Q: 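Quick one: structure below, then a few questions.
In what follows, chains are A, B, ... by sequence order, proteins preceding strands, each numbered from 1. Just so you know, these numbers come straight off a predicted model, no measurement behind them.
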Amino acid sequence: MRLSQYPILTLKEVPADAEVVSHRLMLRAGMIRRLAAGMYTWLPLGLRTLRKVERIIREEMDRAGALELSMPTVQPAELWQESGRWNQFGPELLRFKDRHDREFAYGPTHEEVITDIARRELRSHKQLPVNFYQIQSKFRDEIRPRFGVMRAREFLMKDAYSFHVDEASLAEGYRQMHDAYTRIFTRLGLKFRAVQADSGSIGGNASQEFHVLADSGEDAIAFSDGDDYAANLEMAATLAPPGARAAPALPLTKVATPGARTIAELCRVLDVPPERCVKTLLVDGDDGGVVALILRGDHELNAVKAQKLPGVASPLRMAGAERVRAATGAEPGYLGPIGFGGKIYVDHAAACLADFVCGANEKDQHFTGANWGRDVGPPEARDLRNAIAGDPSPTGRGTLQIARGIEVGHIFQLGRKYSDAMNAAVLDDQGRSVTMYMGCYGIGVTRVVAAAIEQNHDANGIVWPQAIAPFQVVLVPLNYQKSEALRAAADALYRDFEAAGLEPLLDDRDARAGVKFADSELLGIPHRIVIGDRGLAAGLVEYRHRRDAAPTEVPLAEAVAFVRAKSTA
RNA sequence: CGGGGUGUAGCUCAGCCUGGUAGAGCACUACGUUCGGGACGUAGGAGUCGCAGGUUCAAAUCCUGUCACCCCGACCA
């Protein structure tokens with residue numbers, strides 16, 4: 001492409017509401033423009049990258065044997081009523097009516113539609129397993145769309161759905177998708193991790209998320225330095241500390257702690273470290289009462305783990321101040337296990353403490369020297385907390401590190417949730433009707449683009465991984481408008497690069513050198529060739545990779561071969 | 001959903017408190033100078049001041065309503 005023919009400009013300033021790097025750079029580079037909250041137009045430059053991501057995904061899905069199809073974005077309400085999600089889904093589902101007053105939704109996902117196809121078309125176990133996928137727009141009416149295309153309302157997603165006669169086949173299909181995803185993100189040139197994930201309300205046996213590692217990621221992931229264990233923080237198990245609990249050494253003593261409502265204040269008032277304190281959290285029970293959850297002072301509650309405990313309401317809700325008072329007679333800030341009458345769960349780390357500090361269920365009072373078994377019953381120990389860096393890996397090998405990640409893919413063994421609800425069955429080899437097992441596998445295509453930028457940028461702009469750069473090489477002729485010889489050389493080089501399939505972008509604008517340099521860096525094109533009168537007289541051009549600190553001189557005649565060698569290196 | 005904030009030129013913003021001819025920088029157009037790291041000069045085009053209603057001789061400015069957008073919160077024991 002010739003930049004003089006490209007009408008959409010790069011920007012020096014961006015709207016004040018663009019907060020994250022990828023959003024700012026995508027606006028500045030002229031990749032996207034906002035249409036409405038969470039909805040973006042992909043401009044020609046951005047679309048080139050998006051298409052490259054799509055192509056890699058498509059190639060690897062095809063290679064894994066998946067079959068591409070395309071389902072409508074708009075879906076009839078009946079299907080959603082049949083699966084039960086019309087009522088479950090809530091306001092994220094964009095609903096509307098057509099002129100005949102029939103209800104529809106803009107699809108946030110396509111389990112219902114594909115299950116409908118499967119039950120109509122699939123008759124025999126001989127047609128299984130099969131995996132259908134599409135790359136297509138979704139709409140989720142997010143509470144708070146933000147960060148540009150990272151959390152948009154309308155976005156492009158690759159969604160795949162597999163159908164199987166039994167669980168073993170599902171597990172095999174799932175494994176193949178795991179491998180395909182690994183190839184996809186490797187080819188995209190991204191640093192990523194597959195992590196164990198919460199299968200949440202959808203249920204099923206297994207679920208993994210694929211995260212692009214970036215400090216700006218919204219998710220915390222835990223991984224072991226001793227083996228390949230990796231999990232979303234909300235799923236990362238913590239182990240009970242080794243060894244037996246120490247015997248009580250101190251007497252139980254009630255101490256006045258006026259105003260010490262938080263662990264930090266308590267530690268200051270009593271001059272004890274937070275690891276010697278426990279905090280007591282009351283959450284709503286599923287029977288209308290409250291349940292006490294007890295953690296060591298320096299640990300955080302893990303809501304996903306907590307809401308799975310028997311007796312705890314799901315989703316997890318902290319008990320309101322009034323219920324706290326009714327259950328304990330005390331105010332939040334002074335709660336403790338001693339004298340508490342309800343159900344108590346204790347995190348492993350808190351359960352192995354001796355002579356700890358806890359609230360006395362009385363305003364401005366705490367206990368010191370508290371001990372399980374002596375002052376209160378033996379603890380019912382569970383894993384309740386978030387893992388922290390340095391915890392031993394739950395596999396027993398290595399210790400956990402915590403990193404930030406951007407979730408770009410998610411694979412699920414759905415089981416029979418939808419096939420049951422929608423009666424999708426085939427005949428097995430005995431002639432019996434069996435409900436199909438399903439898996440589903442998503443990749444946020446538009447989010448991948450943003451995540452790639454979050455992971456690959458510097459102060460001057462984007463630094464594209466080669467596989468998804470909109471152009472491979474940018475040609476920057478200086479004095480293109482005035483020097484006929486230089487223009488001829490630049491045009492010839494441009495044609496040579498095109499002929500070589502190296503996707504050149506020619507900056508033939510009548511602009512100053514600084515402007516061209518700055519824009520070439522902003523756009524993040526991997527290879528840059530600068531053509532100037534001085535070098536040209538000696539038959540030389542300058543080559544510089546986007547990651548290089550300094551340019552190298554290359555003979556004009558060898559420029560194409562040089563870039564080709566660099567791009568396959 | 002709760003709390004806070006913002007709507008003025010394509011973009012970033014000033015002007016509003018204290019009502020009186022709508023501004024700056026960037027971007028854009030033309031010409032000239034400049035020309036290997038985001039140039040300069042001159043001239044110019046461009047805004048129903050989000051929308052509706054009200055107060056007033058007079059509203060971007062004050063009042064009411066409305067729409068749009070943004071930020072924060074949903075771990076506190």
Q: So, under a plain 3.5 Å distance rule, would you say the side chain of A:Glu521 forms a donor-acceptor pair with the base of B:rG38?
A: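 For A:Glu521, whose side chain was compared with the base of B:rG38, there is no donor-acceptor pair (under 3.5 Å).
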Q: Remember a base hit wins even if backbone is also touched, and classify A:Glu265 as base, sugar-phosphate or nothing at under 4.0 Å, heavy atoms.
A: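 No contact.
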Q: Taking OP1 and OP2 of B:rC35, is either one under 4.0 Å from a side-chain nitrogen or oxygen of A:Lys482?
A: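 No, no such contact exists.
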Q: If I take atom OG from residue A:Ser483 and atom CG from residue A:Asp533, how far apart are they, to the nearest 0.5 angstrom?
A: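 If we round to the nearest 0.5 Å, A:Ser483:OG and A:Asp533:CG are 4.0 Å apart.
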Q: Suppose we define a pair by two distances each less than 3.5 Å, Watson-Crick or G-U wobble; what does B:rU6 pair with here?
A: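 In the structure as shown, B:rU6 has B:rA68 as its Watson-Crick or wobble partner.
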Q: Under a 3.5 Å limit for both distances, which nucleotide forms a Watson-Crick or G-U wobble pair with B:rU21, could you say?
A: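 Per the H-bond distance test, none.
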Q: Please classify the nucleic acid contact of A:Arg33 as base, sugar-phosphate, or nothing, using heavy-atom distances under 4.0 Å.
A: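 Nothing, no heavy atom under 4.0 Å.
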Q: How far does the C1' atom of B:rC1 sit from the matching atom of B:rA59, given to the nearest Å?
A: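 Looking at atom C1' only, B:rC1 and B:rA59 are 36 Å apart.
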Q: Hey, is the side chain of A:Arg28 pairing donor to acceptor with the base of B:rG38 inside 3.5 Å?
A: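 Counting by modelled atom types and ignoring angles, a donor-acceptor contact under 3.5 Å is found here.
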Q: Send over the distance from A:Phe147 CZ to B:rC71 C1', rounded to a whole Å.
A: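 Result: 11 Å.
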Q: For atom C1', what is the distance between B:rG53 and B:rG10, given to the nearest Å?
A: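 The same atom, C1', in both gives a distance of 31 Å.
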Q: What's the closest nucleotide to the A:Arg146 side chain, out of B:rA77, B:rC72, B:rG38?
A: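 Side chain of A:Arg146 sits closest to B:rC72.
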Q: For the pair A:Tyr40 and A:His23, name the ring-plane relationship: parallel under 30°, tilted 30 to 60°, perpendicular over 60°.
A: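 Correct class here is perpendicular.
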Q: Rounded to whole angstrom, note down the C1' distance from B:rU66 over to B:rG73.
A: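 Here B:rU66 and B:rG73 have their C1' atoms 26 Å from each other.
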Q: Side chain of A:Asn386: nearest nucleotide among B:rA77, B:rC75, B:rC26?
A: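 From the listed options, B:rC75 comes nearest.
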Q: Taking any strand in view, what nucleotide pairs with B:rG44 in a Watson-Crick or G-U wobble way, both distances under 3.5 Å?
A: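 Because both required distances fall under 3.5 Å, B:rG44 counts as paired with B:rC28.
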Q: Rounded to the Å, how far apart are A:Asp284 CG and B:rC75 C1'?
A: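 About 15 Å, once rounded to whole Å.
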Q: Closest approach to the side chain of A:Val324, judged atom by atom: which nucleotide of B:rA77, B:rG38, B:rC75 is it?
A: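 My answer, after comparing the listed nucleotides, is B:rA77.
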Q: Checking side-chain polar atoms at under 3.5 Å, does A:Glu209 have a donor or acceptor matched by the opposite partner on A:Asn232?
A: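 A pair is found: one side chain offers a donor N or O, the other an acceptor, under 3.5 Å apart.
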Q: Who is the Watson-Crick or G-U wobble partner of B:rU33, with both distances under 3.5 Å?
A: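 Across any shown strand, B:rU33 pairs with B:rA39.
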Q: Measure the distance from CG on A:Asp507 to P on B:rG38 and round it to the nearest whole Å.
A: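 Going from CG in A:Asp507 over to P in B:rG38 covers 15 Å.
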Q: Over all strands shown, is A:Arg24 touching base, sugar-phosphate only, or nothing at heavy-atom distances under 4.0 angstrom?
A: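 The answer is nothing, as A:Arg24 stays clear of every strand by at least 4.0 Å.
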Q: Is the shortest distance from a Lys or Arg side-chain nitrogen in A:Lys254 or A:Glu362 to a carboxylate oxygen in the other one below 4.0 Å?
A: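 Looking at A:Lys254 and A:Glu362, the cut-off is met.
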Q: What's A:Val476 touching, base or sugar-phosphate or nothing? Going by heavy atoms closer than 4.0 Å.
A: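 A:Val476: no heavy atom of the nucleic acid under 4.0 Å.
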Q: Does NZ or CZ of A:Lys482 fall inside the cone over A:Tyr480's six-membered ring, less than 6.0 Å from its centre and within 45° of the axis?
A: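 No, A:Lys482 and A:Tyr480 do not form such a contact.
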Q: Rounded to whole angstrom, note down the C1' distance from B:rC13 over to B:rG5.
A: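 Each nucleotide's C1' atom is 16 Å from the other's.
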Q: Quick one: A:Leu27 CG to B:rG10 P, roughly how many Å, whole number?
A: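 Going from A:Leu27 (CG) to B:rG10 (P), I get 17 Å.
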Q: When rounded to the nearest Å, what value does the distance between P atoms of B:rA24 and B:rU18 take?
A: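 These two P atoms come out 27 Å apart once rounded.
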Q: Reckon A:Arg509 touches a base, only the sugar-phosphate, or nothing at all at heavy-atom distances under 4.0 Å?
A: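 Contact class for A:Arg509: none.
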Q: Within the structure shown, what part of the strands sits under 4.0 Å from A:Leu11 by heavy-atom distance: base, sugar-phosphate, or nothing?
A: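 The answer is nothing, as A:Leu11 stays clear of every strand by at least 4.0 Å.
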Q: A:Leu523 has an atom CG; how far is it from atom C1' of B:rG38, in whole Å?
A: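 Roughly 13 Å, once rounded to whole Å.
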Q: Look at the side chain of A:Phe517 and decide which nucleotide, out of B:rG36, B:rA77, B:rC70, has an atom nearest to it.
A: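 My answer, after comparing the listed nucleotides, is B:rG36.
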Q: In whole Å, measure the gap between the P atoms of B:rA22 and B:rG45 for me.
A: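 My reading of the P atoms in B:rA22 and B:rG45 gives 16 Å.
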Q: Return whichever of A:Glu542 or A:Tyr334 has its heavy-atom-nearest nucleotide of RNA chain B closer to the 5' end.
A: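 On the 5' side of the pair lies A:Glu542.
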Q: Using a heavy-atom cut-off of 4.0 Å across all strands, would you classify A:Ala292 as base, sugar-phosphate, or nothing?
A: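 Result for A:Ala292 = nothing.
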Q: Answer with yes or no after comparing the ring centroid distance for A:His527 and A:Phe497 against a 6.0 Å cut-off, counting only values under it.
A: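 No, too far apart.
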Q: Tell me the interatomic distance from A:Leu281, atom CG, to B:rC75, atom C1', rounded to whole angstroms.
A: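 Checked: the CG to C1' distance equals 8 Å.
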Q: Choosing from B:rG37, B:rA39, B:rA27, which nucleotide comes nearest the side chain of A:Arg544?
A: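 The closest nucleotide is B:rG37.
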Q: Mark yes or no: A:Arg95 above the aromatic ring of A:Trp80, with NZ or CZ under 6.0 Å from the six-membered ring centre and no more than 45 degrees from the axis.
A: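 Not satisfied by the 6.0 Å and 45° rule.
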Q: For a quick check of understanding: with a heavy-atom distance under 4.0 Å over all strands, which category does A:Arg512 fall into, base, sugar-phosphate or nothing?
A: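 Base contact.
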Q: I'd like the P distance from B:rC35 over to B:rC72, given in whole Å.
A: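 Going atom to atom, P in each nucleotide, I get 47 Å.
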Q: Taking B:rA60 as the reference, what is the distance to B:rG3 when you measure between their P atoms (whole Å, please)?
A: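 Their P atoms lie roughly 31 Å apart.
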Q: Considering only side-chain heavy atoms of A:Arg34, which listed nucleotide, B:rG37, B:rC26, B:rC69, is closest?
A: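 So the side chain of A:Arg34 is nearest to B:rC69.
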Q: Measure CE/A:Met39 against P/B:rA68 and give the value in whole Å, please.
A: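 In whole Å, B:rA68 P and A:Met39 CE are 13 Å from each other.
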Q: Between B:rC28 atom P and A:Asp510 atom CG, what is the distance in whole Å?
A: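 Rounding to the nearest Å, CG of A:Asp510 and P of B:rC28 are 12 Å apart.
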Q: Quick one: does A:Asp519 reach the base of B:rG38 with a side-chain donor-acceptor pair under 3.5 Å?
A: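 Yes, the side chain and the base share a sub-3.5 Å donor-acceptor pair.
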Q: Classify the side chain of A:Arg528 versus the base of B:rG37 as yes if they form a donor-acceptor pair under 3.5 Å and no if they do not.
A: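 Donor-acceptor pair under 3.5 Å: yes.
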Q: Classify A:Ala518 by what it touches in the nucleic acid, base, sugar-phosphate, or nothing, heavy-atom distance under 4.0 Å.
A: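 The residue A:Ala518 makes base contact.
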Q: Using Watson-Crick or G-U wobble geometry with both distances under 3.5 Å, which nucleotide pairs with B:rG73?
A: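 Partner of B:rG73: B:rC1.
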Q: Going by distance alone, is a donor N or O of one side chain under 3.5 Å from an acceptor N or O of the other, for A:Ser520 and A:Arg528?
A: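 Judged by distance alone, the side chains do pair up.
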Q: Check the orientation of A:Phe356 and A:Trp372. Use parallel for under 30°, tilted for 30 to 60°, and perpendicular for over 60°.
A: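 Rings of A:Phe356 and A:Trp372: tilted, as their planes differ by 30° to 60°.
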